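One structure below.
The structure presented is a predicted model; accordingly, all values stated were derived computationally and were not measured.
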Amino acid sequence: MQTLPQNAPKFHLNTAYTLYLTLGVFSAHRFYLKRNVSAIFQLLGGFGFIIFVCFLVAYALISNDSALEILRSIRPSLEFDDQDTLRARENLIKPIMVFALPNLAYLAWIIYDFFNLEKMVDNANLSAGCEIENPSENPSENPSQSLNFEEKSANLASARQLAYIGCGLLILMAVLNIFGTKINGAELASTAGQVCLAMSAYFIASTICSKTLLRNLTLFVVFDGLALIPFLMMMFGDKSLVVFVFGAVFTGLGACFALLIYKELFQTSGCEIFVKAFFVYALSCVIGLVLVYFNPILAIIAVQICSIINSLFIIACAKDSRNFEISKNNYYFSNLKFHISEFNKIKS
């Protein structure tokens, strides 16, 4: 069994990114880096932020006539008139106004952590008397931190299994949503599928010594989530130009980071299916954005079908990718123009 040198990095950037991506709202990344005092305060802020978001969602729903009609159709037993709705708005707006500033500060703190995460990992390693992980821009210049063949094989096997499980859960949930089947724990299964894919990306990032894969995945998840807000607003009848533009901007930014993710996976694995998978994803984004503007019901079905197709492509990528090389670690948003031109060459 191979033993690590005593000064090997104790804290790893990819682990920190994975914890940030999956449990960042609960400050898992700070607990991992032994910043326990600030982590406890951030954890408390996370619970407050979740409650604050619930208040915002409730206020948005009762302020939208289309959403109220949908709620009445789902729960006919609920009886409330305009006066009840007005009182509910007044009761919700007070805590929203009071806690808006603290939650904005918490959100700024979380965003700061993301852009400062690499430095936080380096400081944690220095405090523990360990060397900084991958101090050179190219990890291949520091082979002491590279994985051996057995470790790479184990990581890729874990990544493949997690990808299969995650995509299987997402496909199952998409099929159930298409046919309108409701089961207990459905939301939990969907979340579990996404966590499995995040963990799969973690094992791949560790194998290819990537500092950018999980970073781009986190930004992709953020913008994909932000794009969901105008998507839902258009579903509930707000089809103003401003909402559509915001939806297009967030969707476009999410697609940019998806391109960087698929490009890095393609160049490190040599599997061309990653290129096809990206174009399928980009096409599904365009279809969903256009359909939700004209026919929300059809848009929901189309999004679920696209989710199934995207998951099948990810399964094909996992099955076809047997070996990965060390990442070049130049997959940043500032290099987007270069990566787009290279993607066009690959496509042609």
Side-chain angles (χ1 to χ4, degrees), residues 12-24 28-29 32 114 117 133 139 146-174 187-225 254-255 257-278 280-281 284 306-329 331:
H12 301 280
L13 182 61
N14 285 325
T15 304
Y17 271 132
T18 303
L19 291 172
Y20 182 95
L21 176 62
T22 55
L23 296 169
H29 57 291
Y32 168 68
F114 174 77
L117 201 54
E133 185 182 25
S146 300
L147 302 178
N148 59 34
F149 178 77
E150 290 78 12
E151 290 171 325
K152 287 182 178 179
S153 300
N155 275 1
L156 290 178
S158 299
R160 194 173 294 112
Q161 291 169 2
L162 286 166
Y164 292 156
I165 295 171
C167 290
L169 288 172
L170 293 179
I171 290 173
L172 175 62
M173 297 316 303
E187 295 79 7
L188 185 61
S190 180
T191 302
Q194 294 169 354
V195 171
C196 285
L197 290 179
M199 291 302 299
S200 177
Y202 161 75
F203 282 111
I204 294 175
S206 299
T207 302
I208 64 178
C209 299
S210 173
K211 299 194 299 183
T212 54
L213 182 62
L214 288 170
R215 186 179 190 274
N216 289 329
L217 180 60
T218 304
L219 288 168
F220 164 75
V221 170
V222 169
F223 285 112
D224 197 50
F257 287 104
L259 183 147
L260 295 173
I261 293 168
Y262 282 113
K263 175 78 181 310
E264 183 171 8
L265 292 173
F266 163 69
Q267 289 198 319
T268 53
S269 69
C271 177
E272 293 189 3
I273 301 179
F274 283 113
V275 179
K276 299 176 182 177
F278 166 73
V280 169
Y281 166 77
S284 68
C306 289
S307 176
I308 294 173
I309 296 173
N310 289 334
S311 298
L312 290 174
F313 266 94
I314 293 174
I315 291 173
C317 291
K319 183 178 180 182
D320 197 57
S321 302
R322 294 294 171 181
N323 190 30
F324 282 83
E325 299 177 354
I326 298 297
S327 172
K328 296 179 181 178
N329 278 318
Y331 304 93

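Put simply, CG on D320 and CD1 on I315 are 13.5 Å apart, with the number rounded to the nearest 0.5 Å. One distance of note links CG of L21 with CZ of R215; it measures 13.5 Å at 0.5 Å rounding. The CG atom of N310 lies 4.5 Å from the OG atom of S284; values are rounded to the nearest 0.5 Å. Annotation: the span from N216 atom CG to L259 atom CG amounts to 10.0 Å, rounded to 0.5 Å. Taken from CG in L19 to CG in N14, the straight-line distance is 11.0 Å, to the nearest 0.5 Å. The NZ atom of K152 sits 7.0 Å away from atom CG of N323, with the distance rounded to the nearest 0.5 Å.
Considering only residues two or more places apart in sequence or on other chains, T15 meets the side chain to side chain donor-acceptor pair (under 3.5 Å) condition with Y202.
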Show me the donor-acceptor pairs within less than 3.5 Å that the side chains of residues 156-174 make with the rest of the protein, sequence neighbours left out.
from	atom 1	to	atom 2	distance (Å)
S158	OG	A154	O	3.0
R160	NE	A318	O	3.0
R160	NH2	S321	O	2.9

Residues 264-275, side-chain donor-acceptor partners within the protein, below 3.5 Å, at least two apart:
from	atom 1	to	atom 2	distance (Å)
E264	OE1	T212	OG1	3.0
E264	OE1	L213	N	3.4
E264	OE2	S210	OG	2.5
E264	OE2	T212	OG1	3.3
E264	OE2	S327	OG	2.7
Q267	OE1	Y331	OH	2.6
Q267	NE2	E342	OE1	3.1
T268	OG1	E264	O	2.7
T268	OG1	L265	O	3.3
S269	OG	L265	O	2.6
S269	OG	C271	N	3.2

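The heavy-atom pair separating H12 from Y32 by the smallest distance is N-OH, 2.8 Å. Heavy-atom minimum distance, N329 versus K211: OD1-N, 2.7 Å. Residues I309 and V280 approach most closely at CG2-CG1, 3.6 Å, considering heavy atoms. Contact record, A258 with Y281: CB-CE2, 3.7 Å, taken as the closest heavy-atom pair.
L217 has its side chain within reach of L214: a pair of non-hydrogen atoms, C-beta onward, lies under 4.5 Å apart. Two residues are said to be in side-chain contact when any heavy atoms from C-beta on lie closer than 4.5 Å; E325 and I208 fail this criterion.
If you look at F203 and F324, their ring centroids are not closer than 6.0 Å.
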